[in-house]
There are 2 protein chains.
Amino acid sequence: MAAYTPSALKAELNERGWRMTPQRETMLKTFQNLPEGTHLSAEDLCDQLDKEGEPISLSTIYRNLKLMARMGILRELELAEGQKRYEINQPAPHHHHHLICVRCNKTIEFKNDSVLKVGAKTADRSGYHILDCQLLIHGICPTCQRSIVPI
Amino acid sequence: MAAYTPSALKAELNERGWRMTPQRETMLKTFQNLPEGTHLSAEDLCDQLDKEGEPISLSTIYRNLKLMARMGILRELELAEGQKRYEINQPAPHHHHHLICVRCNKTIEFKNDSVLKVGAKTADRSGYHILDCQLLIHGICPTCQRSIVPI
DNA sequence: GCAGTCTTCGGAGTCATTCTCAATAACAAA
DNA sequence: TTTGTTATTGAGAATGACTCCGAAGACTGC
Ligand SMILES: [Mn+2]
Ligand SMILES: [Mn+2]
Ligand SMILES: [Zn+2]
Ligand SMILES: [Zn+2]
């Protein structure tokens with residue numbers, strides 16, 4: 001749950017016998033420069049990097065998304081149906097949670113420090129090294145409540 | 001976020017122009033009678049119903065799991081990799097959250113009313129009709145912290 | 001530099017989930 | 001109770017997000 005510089009990432013990778021690569025640095029920088037509220041899928045990221053002239057193969061993207069999520073650099077989100085989305089894992093002042101409409105997937109981000117504290121305390125009590133803490137609220141948004149469309 | 005009887009389920013289904021079926025009643029009862037801490041995948045449920053002599057086709061199970069989750073009767077959980085798991089959505093005294101090890105998927109359930117209140121308040125403030133509220137903590141469990149196995 | 005091995009790439013493969021459609025059966029109205 | 005309408009089921013096919021594979025490339029430590 002800390003912000004990473006490329007060299008901090010390299011240090012942590014090497015410490016575990018892994019290697020820094022241009023692809024990993026590109027992915028880190030891309031996520032760090034994303035506007036708040038952006039949640040990228042693997043394909044989204046692949047397309048965006050293509051457009052920016054720094055293409056990375058889809059397999060590499062999948063591999064490194066999972067790696068960086070398990071290192072606590074990225075958070076893995078299950079917001080919409082069918083595919084995982086990722087965002088940078090920011091510490092306290094930027095850390096946030098998600099409120100999602102199950103019908104139209106409209107997503108609202110919100111912050112709450114007390115939830116974050118509950119998360120830290122709970123993980124600690126069980127001896128877990130915490131990587132991410134997200135409150136997920138599913139509901140039906142005002143628009144969808146009014147709509148006649150079922151489900 | 002309320003407990004359902006078969007007739008309450010039928011009433012709510014009919015209200016929307018949908019129908020009560022033996023399959024839906026069987027699924028509801030099965031989830032209600034599950035021991036606490038049980039998280040079933042679609043295939044788990046299919047296998048269990050086969051053994052109990054009340055088989056339901058896998059397509060029907062998938063269809064109704066999603067339906068019941070969107071009605072707020074079941075909660076859809078993304079605990080392990082690769083498949084969704086479901087449990088009954090209990091109100092306040094039984095409602096709980098999950099702490100998960102990203103390496104071995106060991107899962108601990110815990111209760112916290114203040115988080116539940118934050119969830120209700122947040123949904124309300126945005127006009128969302130709340131269906132589920134789950135705090136998801138990802139971390140590394142004590143055993144996996146000690147293990148030499150990477151990632 | 002060099003050896004060792006971690007990583008990348010592209011394509012093939014996997015499998016959870018969704019789709020299709022004919023047959024069935026709730027539901028509501030008569 | 002009977003009947004018409006149409007939601008639902010079941011079996012298998014199809015989809016697609018994701019993983020695996022193997023050869024080629026490239027970090028790291030020595
Ligand atoms: Mn977000
Ligand atoms: Mn649970
Ligand atoms: Zn909506
Ligand atoms: Zn573990």
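Throughout, a chain's letter reflects where its sequence line sits, starting with A, and its residues are numbered from 1. Source: prediction; values computed, not measured.
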Counting only side-chain nitrogens and oxygens, does B/N14 get under 4.0 Å of the OP1 or OP2 atom of C/dA26? no
Within the side chain of B/D124, is there an N or O that forms a donor-acceptor pair under 3.5 Å with the backbone of B/A120? no
What is the separation between atom CG on A/L13 and atom P on C/dT8, rounded to the nearest whole Å? 10 Å
Have A/E87 and A/H39 got a donor and an acceptor in their side chains that come within less than 3.5 Å? yes
Can you find a side-chain donor-acceptor pair between B/S41 and B/Q83 that sits under 3.5 Å? yes
Indicate, yes or no, whether a donor-acceptor pair under 3.5 Å links the base of D/dG29 to the side chain of A/R19. no
In terms of side-chain heavy atoms of A/T60, which of D/dT8, D/dT28, C/dT8 is nearest? C/dT8
Return the value, rounded to whole Å, for the distance between atom CD of B/E43 and atom C1' of C/dT18. 14 Å
Give a yes/no answer on whether the side chain of B/K66 brings an N or O atom under 4.0 Å of OP1 or OP2 in C/dT18. yes
The nucleotide from D/dT9, C/dA16, C/dT7 with an atom nearest the side chain of A/T21 is C/dT7
Regarding B/Q90 and B/H95, do their side chains bring together a donor and an acceptor under 3.5 Å, going by distance alone? no
Output the rounded distance in Å from CD (B/Q83) to C1' (D/dT19). 15 Å
Taking for B/R63 and for B/G82 the nucleotide of DNA chain C with the nearest heavy atom, the one nearer the 5' end belongs to B/G82
Donor + acceptor pair across side chains of A/Y4, A/E12 (<3.5 Å): yes
Give the rounded distance in Å between these two atoms: CG of A/L49 and C1' of C/dT8. 14 Å
I'd like to know whether the aromatic ring centres of A/H96 and A/H94 sit less than 6.0 Å apart in this structure. no
Between atom CG in B/D44 and atom P in C/dC15, what is the gap in whole Å? 16 Å
Heavy atoms under 4.0 Å, any strand shown: does B/S59 hit a base, just sugar-phosphate, or nothing? base
Think B/Q23 has a side-chain N or O under 4.0 angstrom from the OP1 or OP2 of D/dG10? yes
Could one point to a donor on the side chain of A/R24 or the base of C/dT7 with an acceptor on the other under 3.5 Å away? no
Hey, does A/I56 reach any base, or is it just sugar-phosphate, or nothing, if we go heavy atoms under 4.0 Å? sugar-phosphate
Name the closest nucleotide to the B/M20 side chain, picking from C/dC9, C/dC27, D/dC18. C/dC27
Between D/dC27, C/dC27, C/dA16, which nucleotide has the shortest distance from any of its atoms to the side chain of B/Y62? C/dA16
Would you mind reading off the distance between A/M68 atom CE and C/dT7 atom P, rounded to a whole angstrom? 13 Å
Going by modelled atom types, is there a donor-acceptor pair between the base of D/dA11 and the side chain of B/S57 at under 3.5 Å? no
Could you give the CD1-to-C1' distance, from B/I61 to C/dA16, as a whole number of Å? 14 Å
Give a yes/no on whether any side-chain N or O of B/K10 is located under 4.0 angstrom from OP1 or OP2 of C/dC27. yes
Mind calculating the distance between CG (B/L58) and P (D/dA11) to the nearest angstrom? 11 Å
